[in-house]
Amino acid sequence: MLDPRTLAERRDAVAESCRRRHVRADLDGAIAAYERTARLRGLVDETNRVRNEHQKAGNRKMDAAEREAHVAEGRRLKDEVAAREAELAAAEAALRDAALGLPNFIHPEVPDGGEDDARELHRHGEPPQFAFPPLDHLALGEKHDLFDFESGTKVAGPKFYYLKNEAVLLELALVRLASDVIRSRGFTLYATPDVAKPEIVAGLGFNPRGEETQIYSIANADLCLVGTAEITLGGLFLDRVLEEAELPLRLGGISHCFRTEAGSYGRESKGLYRVHQFTKVEMFCVTRPEDSDAMHDELLAIEEQVFQALEVPYRVIDIAAGDLGAPAYRKFDIEAWMVGRGESGGWGEVTSTSNCTDYQARRLGARFRRTGGKKTETVHMLNGTAIAVSRALVALLENHQRADGSIAIPKALQPYCGFDEIRRG
RNA sequence: GGAGAGGUGCCGGAGCCUGGUUGAACGGGCCUGACUCGAAAUCAGGAGUACCCGCAAGGGUACCGGGGGUUCGAAUCCCUCCCUCUCCGCCA
């Protein structure tokens, strides 16, 4: 959520953000709603002041007639306050709705356009040249008995799966590798709940309900399955005031991630690439406003470090304005080479890191106080993928397959999984 | 799941029976000043959060787990929800 108080003075920037994101929002309605709430707030305060004075005056002996008049006036003031408060509550609700419709600002370097207009920042490694027809991860998985999609569908439904054999150990190894990398970078590790209350989910800018929601709700409890540990890590800061000296905070969260993938049918969705559940190690950072851009670079560098350790070729892209989620000020994705994508291989998203500036933090009430200062300021929040197991697995298997059908395990991963190749028979 | 006890400011802890001058005693911690070469101890002050008005000084409003009710007036009375603790049962 943007700061409603500064909407009017930053009107142009907000309008620009809406235009570039192709978001239709009633900006002037939001500005008007803010002015209306501010006015009504003053009115309620003033009415309360009068009422309080009247109440204080009632604390003394009075004769019957005087008491009766006093009580009558007290009732009248009470009704007046109630009426104005109701008006204020309605105005505040309208303001909240209007404000929630407004997306975050956009970093000046974010490219224009939509999904296909991301700017490629750089590449690492080259797509492998196979001297044999390479298999996609589904075929490799079948060959080596690594997945069971059929049973996943039977037991839990489509887009659920079982990992088997080496794939299970690879999941554990990937989680462990990523955990070690971020721990060495100063992150505090958390294993978080896999569920969260709807208001927390919403506070992070995810829509917990409705047709388009990516979020599963639990039928007999007021809870959602988390789509990412960003939700549970961010929830840690609900209504918190941090000290400047504590910042920046670097948290790493291991969780399962659940996504309905509503509306994604027909998209590239073979095998493990787009599934309803996967395991992820997520990075989450809280910074002073002036530090968030640098932290964003740091998160990207860590993501690259992980994929370099996995010896997977990748490229880094700067997501275009029209493809940015509402909370994101800027977003970098790493896309790894995947031979199974398209006709002859293609880039597939494996990590994503966003600088959400104060957009999530304001809604959560996450603030900090400068050393020696008195006022609180809203912190900045960022998130990034240390490892998303399902997609990393796709990239890993497809890039490291060998002519004899076996799959090599990159050196950095071997100590974690305990084998240096996958080979059957 | 059963029984009981609680949720008050940075912390501890009064107040609730007997509603008003209690934004909240008292103690600890914290900050400022005095004393000191410094420190400790002592003494004197000051510190909540949010929003609104104001250049500022300052002023106003709300908040004693959340929501609702009674009352001219609620931290105090009533209802409801949530949470914590202790004991019992159950279980990985």
Side-chain angles (χ1 to χ4, degrees), chain A residues 1-9 30-100 191-203 208 217-218 220-224 232 235-247 255-256 286 358-379:
Chain A
M1 184 168 68
L2 300 177
D3 185 351
R5 285 172 300 192
T6 60
L7 280 182
E9 63 192 66
I31 293 172
Y34 173 69
E35 281 163 1
R36 181 172 157 77
T37 4
R39 204 187 71 246
L40 288 171
R41 159 69 52 202
L43 219 52
V44 167
D45 284 359
E46 172 61 16
T47 317
N48 264 321
R49 190 187 61 75
V50 172
R51 187 182 181 214
N52 288 340
E53 266 174 22
H54 178 263
Q55 283 170 195
K56 282 200 180 118
N59 185 25
R60 61 182 175 83
K61 285 254 182 295
M62 298 183 197
D63 63 39
E66 196 185 1
R67 175 59 69 186
E68 197 179 322
H70 183 269
V71 166
E73 175 63 4
R75 286 212 180 98
R76 192 191 68 74
L77 286 168
K78 179 186 186 172
D79 290 344
E80 191 174 345
V81 168
R84 290 184 173 178
E85 272 178 350
E87 234 183 308
L88 175 62
E92 280 174 338
L95 171 60
R96 198 174 50 245
D97 289 348
L100 289 178
T192 85
D194 286 340
V195 299
K197 296 177 183 178
E199 58 265 33
I200 303 284
V201 173
S217 287
I218 297 177
N220 59 350
D222 192 23
L223 288 169
C224 303
T232 42
L236 247 19
F237 300 99
L238 179 73
D239 284 326
R240 288 256 315 260
V241 179
L242 300 159
E243 295 301 326
E244 183 178 19
E246 298 178 71
L247 301 177
S255 83
H256 292 116
V286 181
D358 59 357
Y359 193 88
Q360 297 173 319
R362 178 163 302 104
R363 204 157 155 188
L364 285 170
R367 291 152 294 161
F368 79 107
R369 200 188 324 268
R370 302 222 179 239
T371 308
K374 202 164 151 41
K375 287 289 292 175
T376 59
E377 294 175 50
T378 305
V379 296

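All figures in this text were calculated on a predicted structure; none of them were measured in a lab. Each chain gets a letter, A, B and so on, in the order the sequences are listed, and its residues count up from 1.
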Inset, instruction - Verify the contact: side-chain N or O of A:Thr376 to OP1 or OP2 of B:rA50, cut-off strictly under 4.0 Å; return yes or no. - result: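 Indeed, a polar side-chain atom of A:Thr376 lies that close.
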
Legend entry - Under 4.0 angstrom between A:Tyr34 side-chain N/O and B:rC51 OP1 or OP2: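 A:Tyr34 to B:rC51 OP1/OP2: no side-chain N or O under 4.0 Å.
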
What is the distance, to the nearest angstrom, from the [atom1] atom on [X] to the [atom2] atom on [N]?
X	N	atom1	atom2	answer
A:Leu242	B:rC10	CG	P	15 Å
A:Leu77	B:rU61	CG	P	13 Å
A:Leu40	B:rA62	CG	P	17 Å
A:Glu199	B:rC81	CD	C1'	13 Å
A:Asp239	B:rC83	CG	C1'	16 Å
A:Lys375	B:rA47	NZ	C1'	16 Å
A:Glu92	B:rU61	CD	C1'	13 Å
A:Asp222	B:rC83	CG	P	11 Å

Whole-angstrom distance between [N] and [M], as gauged at atom [atom1]:
N	M	atom1	result
B:rG46	B:rA5	C1'	37 Å
B:rU18	B:rC78	P	10 Å
B:rA74	B:rC88	P	43 Å
B:rG20	B:rA25	P	15 Å
B:rG58	B:rU76	C1'	32 Å
B:rC10	B:rC77	C1'	31 Å
B:rG9	B:rC63	P	15 Å
B:rU80	B:rG28	C1'	37 Å

Distance-only criterion, 3.5 Å: show the donor-acceptor pairs between side-chain atoms of residues 82-96 of chain A and protein atoms not counting sequence neighbours.
unit_1: A:Arg84; atom_1: NH1; unit_2: A:Thr47; atom_2: OG1; d: 2.6
unit_1: A:Arg84; atom_1: NH2; unit_2: A:Glu80; atom_2: OE2; d: 3.4
unit_1: A:Glu92; atom_1: OE2; unit_2: A:Arg41; atom_2: NH2; d: 3.2

For [N], the Watson-Crick or wobble counterpart (both distances under 3.5 Å):
N	result
B:rG9	none
B:rU86	B:rA3
B:rG48	B:rC63
B:rU21	none

Using a 4.0 Å heavy-atom cut-off across all strands, classify [X] as base, sugar-phosphate, or nothing.
X	result
A:Arg367	sugar-phosphate
A:Arg84	nothing
A:Arg39	nothing

Inset, instruction - Please indicate whether A:Glu66 has more than 12 foreign heavy atoms, meaning atoms of other residues, nucleotides or ligands, lying under 6.0 Å from its CD. - result: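 More than 12 within 6.0 Å, yes.
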
Inset, instruction - Have a look at B:rA40 and give me syn or anti from its glycosidic angle (syn if within 90° of zero). - result: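 Chi for B:rA40 falls in the anti range.
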
Legend entry - Partner set under side chain to side chain contact (heavy atoms under 4.5 Å, CB included) for A:Ala30, not counting sequence neighbours: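 Side chain to side chain contact (heavy atoms under 4.5 Å, CB included) check on A:Ala30 returns A:Leu7, A:Ala98, A:Leu102.
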
Legend entry - Closest contact, heavy atoms only, A:Cys224 versus A:Pro198: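 Nearest pair, atom of A:Cys224 first, then A:Pro198: SG-CA, 4.0 Å.
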
Inset, instruction - Compare every heavy atom of A:Ala361 with every heavy atom of A:Val379, then report the nearest pair and how far apart it is. - result: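 Residues A:Val379 and A:Ala361, closest heavy atoms: O-CB, 3.3 Å.
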
Inset, instruction - Between A:Arg369 and A:Glu85, just flag the one whose closest nucleotide in RNA chain B comes earlier from the 5' side. - result: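 Result: A:Arg369.
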
Inset, instruction - Answer yes or no: is there a side-chain heavy-atom contact under 4.5 Å between A:Glu243 and A:Arg369? - result: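 A:Glu243 reaches A:Arg369 side chain to side chain.
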
Legend entry - Any A:Phe368 side-chain heavy atom under 4.5 Å of A:Val241 side chain: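 SC-SC contact between A:Phe368 and A:Val241 ruled out.
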
Legend entry - Test item: A:Arg363 side-chain N/O and A:Met1 main-chain N/O as donor-acceptor pair under 3.5 Å: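 A pair under 3.5 Å: no.
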
Inset, instruction - Give, for atom CD of A:Glu35 and atom OG1 of A:Thr37, the distance between the pair rounded to the nearest 0.5 Å. - result: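 Answer rounded to 0.5 Å: 9.0 Å.
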
Inset, instruction - Return each pair, listed once, that meets salt bridge (Lys or Arg N to Asp or Glu O under 4.0 Å) where at least one residue sits in residues 48-58 of chain A; pairs must be two or more places apart or across chains. - result: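 For residues 48-58 of chain A: A:Glu46-A:Arg49, A:Arg49-A:Glu53.
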
Dump every N/O contact between nucleotides 54-60 of chain B and the protein below 3.5 Å, one line per pair.
unit_1: B:rG60; atom_1: N2; unit_2: A:Asp45; atom_2: OD2; d: 3.1

Inset, instruction - Can you run down the ring pair (Phe, Tyr, Trp, His ring centres under 6.0 Å) pairs that involve residues 44-91 of chain A, sequence neighbours left out, and say none if there aren't any? - result: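 Every pair satisfying ring pair (Phe, Tyr, Trp, His ring centres under 6.0 Å) with a residue in residues 44-91 of chain A: A:His54-A:His70.
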
Any protein N or O atoms within reach of nucleotides 70-74 of chain B? Criterion: under 3.5 Å, listing atom names and distances.
unit_1: B:rC72; atom_1: OP1; unit_2: A:Arg75; atom_2: NH2; d: 3.1
unit_1: B:rC72; atom_1: OP2; unit_2: A:Arg75; atom_2: NE; d: 3.2
unit_1: B:rC72; atom_1: OP2; unit_2: A:Arg75; atom_2: NH2; d: 3.4
unit_1: B:rG73; atom_1: OP1; unit_2: A:Arg51; atom_2: NH2; d: 2.5
unit_1: B:rG73; atom_1: O2'; unit_2: A:Gln55; atom_2: NE2; d: 3.4

